[in-house]
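Quick notes on the structure that follows.
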Amino acid sequence: MKTEEANAHLGYSDTPVLPDSGYHVHDGTRPQPKTVRFPERSAIPDDAVVLFDGTSLEGWRSRKTGGAAEWDVQEGCLCVVPGTGDIQTVKEFGDAQLHLEFRSPEKVDGKGQGRGNSGVFLMGRYEIQILDNYDNPTYADGTVGAIYGQYPPLANPIHAPGEWNGFDILWKAPVFGHGQLLSPAVVTVLLNGVVQHHGQPLQGPTRHKELAKYEPHPPLGPLVLQDHGDLVRFRNIWYRPL
Ligand code: MG
């Protein structure tokens with residue numbers, strides 16, 4: 001007997017049928033959510049796809065050349081090497097839960113957009129801004145955690161320069177059909193455990209000094225990290241496809 005049928009006793013079959021799934025309300029045969037463990041030791045869920053484990057650039061490429069990524073691995077961190085360009089993952093994904101940690105240099109250099117600037121480009125197109133915004137104001141839609149050029153974050157919980165910050169990002173990819181946008185990308189962002197965006201639809205791929213506009217693209221894309229010329233470091237990068 002299939003597991004689903006064996007679970008029938010867990011619920012009901014004499015209740016109305018839900019419109020989208022075809023299951024009854026409280027249906028015992030509806031597939032069980034998978035069991036996931038989140039061991040405290042590694043702080044990575046056991047079904048996560050690890051993109052950077054602190055040891056190698058395997059799985060990353062230069063965005064510019066498609067060849068080897070030219071950033072450094074030092075002290076368990078993935079480090080921007082200014083001038084070498086953005087890097088991107090070989091793995092591609094759409095809807096996902098993404099986690100990554102970043103740190104700007106302890107020694108403060110520059111101001112505004114010129115201080116600890118990097119960025120997380122989901123599907124290679126949609127930037128969640130990274131910036132050392134600790135006592136460092138800039139235009140609101142360029143704040144750390146901003147959907148760059150579109151939406152400022154609801155809050156700025158950035159830690160002091162030299163301290164680690166953690167992003168948790170829930171990403172819903174845009175859907176296209178017949179060359180048209182059917183539903184926009186939607187993102188929820190937490191920085192250091194504080195909500196910065198709550199189910200925010202995006203206006204389109206990130207643009208600088210221009211309005212965003214959707215163009216159809218494949219349903220999966222790489223994670224891109226930005227070289228904006230600043231010595232930003234990353235660690236503990238993983239995602240769970242949803
Ligand atoms: Mg940036």
Side-chain angles (χ1 to χ4, degrees), residues 51-52 60-64 69-72 77-89 96 98-171 185 187-192 194 196-197 200 202-213 221-237 239:
L51 294 171
F52 178 67
W60 294 84
R61 296 283 178 272
S62 159
R63 187 185 206 180
K64 207 163 39 183
E70 296 174 72
W71 290 18
D72 267 349
C77 306
L78 178 52
C79 311
V80 176
V81 176
T84 59
D86 301 351
I87 62 170
Q88 67 180 48
T89 56
L98 172 71
H99 176 88
L100 65 82
E101 295 162 26
F102 65 93
R103 192 178 90 174
S104 56
E106 199 171 349
K107 184 175 171 297
V108 170
D109 183 21
K111 60 178 181 149
Q113 292 288 309
R115 180 170 144 187
N117 194 334
S118 181
V120 178
F121 282 80
L122 293 142
M123 309 186 83
R125 293 171 172 83
Y126 305 94
E127 184 183 14
I128 304 299
Q129 173 71 317
I130 287 179
L131 194 70
D132 174 10
N133 262 136
Y134 191 87
D135 281 342
N136 177 37
T138 182
Y139 45 86
D141 65 22
T143 302
V144 64
I147 299 168
Y148 186 81
Q150 299 177 28
Y151 298 102
L154 299 170
N156 172 10
I158 192 78
H159 290 153
E163 292 180 18
W164 285 100
N165 298 278
F167 263 140
D168 288 288
I169 299 174
L170 306 184
W171 178 250
V187 75
T188 292
V189 176
L190 288 84
L191 175 58
N192 299 330
V194 176
Q196 294 196 293
H197 300 283
Q200 177 64 55
L202 275 68
Q203 296 168 6
T206 299
R207 293 280 175 270
H208 180 54
K209 299 169 77 174
E210 287 175 10
L211 294 176
K213 190 168 138 264
L223 177 70
V224 168
L225 299 179
Q226 186 183 41
D227 167 16
H228 202 282
D230 296 332
L231 298 169
V232 178
R233 292 180 162 214
F234 296 86
R235 69 178 186 191
N236 207 12
I237 309 175
Y239 73 96

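We're numbering straight along the sequence, starting at 1. Note that ligands are numbered from 1 as they come in the structure, with each ligand's atoms numbered from 1 the same way.
Donor-acceptor pairing under 3.5 Å is lacking for the side chains of Asp230 and Asn117.
Vertex the Mg ion (ligand 1), arms ending at O of Ser118 and OE1 of Gln226: the angle is 80° after rounding to 10 degrees. Here the Mg ion (ligand 1) is the vertex; the OD1 atom in Asn117 and the OE1 atom in Gln129 give an angle of 90° (to 10°).
Checked against the Mg ion (ligand 1), the N, O or S atom of Glu127 at the shortest distance is OE2.
Counting heavy atoms from C-beta on, the side chains of Ser118 and Phe234 come closer than 4.5 Å.
Taking the six-membered ring where the residue is Trp, the centroids of Trp171 and Tyr239 are separated by 6.0 Å or more.
Tested against His99 for a side-chain contact (heavy atoms from CB on, under 4.5 Å), the candidates Ile169, Ile237, Asn236 yield a single pass: Asn236.
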